[in-house]
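Please read the structure below before turning to the comments.
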Amino acid sequence: MIRAELARALSDAVEAIVSAGQLPAADYPIEISEPKNPAHGDFASSFALTAAKFAGKSPAAIASLVVEQLSKLNWIESASAAGPGFVNIRLSENYFCECARDAFAAGSGIARTSKPQPMRVNIEFVSVNPNGPIHVGHGRGAAFGDTLARLLEASGDQVWREFYVNDGVNSLQMRLFAESVKARYRELLGLPFQFPDDGYKGDYVMEVAERFLKEFGDSHPDDGLEFWQPHAQSMMLEIQKRDLERFGVKFDCWFSEQSLHDDGSVSRDIDALRAKGELYEQDGALYLRSTAFGDDKDRVVVRADGRPTYIASDIAYHKNKFDRGFDHLIDVWGADHHGYVQRTRAAVRALGYSEDRFEAIITQLVRFYENGKLVEMSKRDGSMVTLAELMDQVGPDVARFFYLMRSHEAHMEFDLDLAREHSERNPVYYVQYAHARICSLMARAKEQGLEADPNAIEHLETPERELIKKIWDLPFEIARAANDRAVHRVATYITELAKQYHDFYEKCRVISPENPSRSAARLALCEITRTAIREGLNLLGVSAPQQM
RNA sequence: GCGGACGUAGCUCAGUGGAUAGAGCAUCAGUCUUCGGAACUGAGGGUCGGGGGUUCGAAUCCCUUCGUCCGCGCCA
């Protein structure tokens, strides 16, 4: 990894300077960046500028010391001090050739690193109530959570994907949903039915009723809610599961909230918290002292009538996750839930866990426009665009890429008309096209008896150097995106890589039978580019087609 | 009112405290007898919402102000 090697070289240089007594010992930040202006070199460091604060020397003087050290390395073609104190670095051609051969040898391993001590991470996301389908508003959290999971895996962590099912039998919403399904079932049977006043009016309720009729027949029009609720719920879950899988999202576990009540976890954990003095009674209800842990008010855990609130199950749920041995918990929530971060964190701390083992990530809401108008979405009246419908119209690749292109913390606008009518202009095609182009090129080369040979790589032209440099940014970008939970950087990166490849393609002819050695070298560059694009797309859950 | 997020090109959005703030789309002008034109090259377009501050240096950090969105239940 080029940047890592450079950082090590810089670090060694600084150490040498310090031990020569030319700089005071300190914990200097080592920084390597890529200059915007290519004339400045392949890489640059502002080390001298930042070190000047501690060192009592001018940035220019420090820069020249660093230059002196770096110039000793044979793989660095030149190092020079410039501007207010930057050190500009140009790498040797041989080094780039070596890097290309390394990338070729690494294959798809270029996108994976391992850790001596992998972290066991539980990431919970989507967790839509089982009273409606996954709709486009949920798509962002689904795509984000899944890609973050892939990034963490690529960075060497062990990741467990979990969907929390709010299936509490006491939930009023779930009762109402079951009543709505039952009414539609009776309607299907031609029986008199009474649709609940605030019932769920969407078409998917009928879909659930139809599934039920198909599976269980027509003998249940008079069964009560205790029969209908679990069935309505599990059928809705099946539909959610189907849509999510089509979207490229598979969970290791669909965790039932009700199971925490059934196995006694909730009451046991509440008793334990009470014994620790984290709970108190007021007006007949039991409160969690969450203000002691940074919340802005204390929260009711058990109502005056004795029924636990959802926080009670959340307490048990998070404890359960820790009990299963996870080092770190990530909850991905939509912005409409950001108010719950503090109280959940408070609950985790009250349970006695360090708060840095719990992380809530908020994805900002997406606004959808259709016919130039904001689409209002309501589960009750059924006015929503489902994720399945979106995929029907633009395909899973476009849908995923669109959600993942932008930072999860920025508000996002989704123009459904544009996605449908001009989907061929979506940036995802730009990247996929580069991949398909390489596949086609390599197939054609093979027909002519030409094969990639990394050992033939030599005498690089500028587009070739830039391409190699860009390819080796992949592990760096993956690590950075995983660390910062900034999954959109992968989308930005592969778009830039595709651009770099197209530039190379325009300027460097690959297949030229009269020059088989150069052809073999350039085919090797195509091969490593193809691998990098494929791995990048794979992290996003987007396919890498061989032809389009 | 309180809390949180976001204000960057006509539109949608990138941007590790660093050198001359970028991309896509849109607009305009170009590139093809050659490996996939779903491509490439170029042009125009900016008080980085406003104002203070921190420092060698701020779109980036702090304060303040304006605007937009979200949340503020013994609902889940």
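Just so it is clear, the structure is predicted and the values come from calculations on it, not from any experiment.
Residues meeting the side chain to side chain donor-acceptor pair (under 3.5 Å) test with A:S80, sequence neighbours left out: none. Every residue two or more places apart in sequence or in another chain was checked for a side chain to side chain donor-acceptor pair (under 3.5 Å) with A:Q448, and none qualifies.
Of the listed nucleotides (B:rC72, B:rA76, B:rA38), B:rA76 has the atom at the smallest distance from the side chain of A:R303. The nucleotide whose nearest atom lies closest to any side-chain atom of A:H488 is, among B:rA38, B:rA14, B:rA76, B:rA14. Closest contact between the side chain of A:H338 and the listed nucleotides B:rC74, B:rG3, B:rG36 involves B:rG3. With distances taken from any side-chain atom of A:R489 to the nucleotides B:rC75, B:rG15, B:rG36, the minimum falls on B:rG15. With B:rC72, B:rG36, B:rC56 as the candidates, the nucleotide lying closest to the side chain of A:S440 is B:rG36. Checking B:rC75, B:rC40, B:rC6 against every side-chain atom of A:K499, the shortest atom distance belongs to B:rC40. For A:R406, the listed nucleotide lying nearest its side chain is B:rU12; candidates were B:rU12, B:rC70, B:rC69. Closest to the A:A82 side chain, of the nucleotides B:rA19, B:rC74, B:rG36, is B:rA19.
Between the side chain of A:Y501 and the base of B:rC35, no donor-acceptor pair of N or O atoms lies under 3.5 Å. With hydrogens and angles ignored, no donor-acceptor pair under 3.5 angstrom links the side chain of A:D167 to the base of B:rA76.
A cation-pi contact, defined as under 6.0 Å to the ring centre and within 45° of the axis, links A:K469 to A:F43.
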Between A:D331 and A:H318, does a side-chain hydrogen bond (donor to acceptor under 3.5 Å, both in side chains) hold up when you go through it step by step? CA-CA 10 Å; A:D331 289 5; A:H318 286 84; 2.7 Å; yes

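Partner assigned to B:rG7 is B:rC66, using Watson-Crick or G-U wobble distances below 3.5 angstrom.
Judged by ring centres under 5.5 Å apart and planes tilted less than 30 degrees, A:F86 stacks against the six-membered base ring of B:rA19. By the 5.5 angstrom centroid cut-off and the 30-degree plane limit, A:H40 is classified as stacked against the base of B:rA19.
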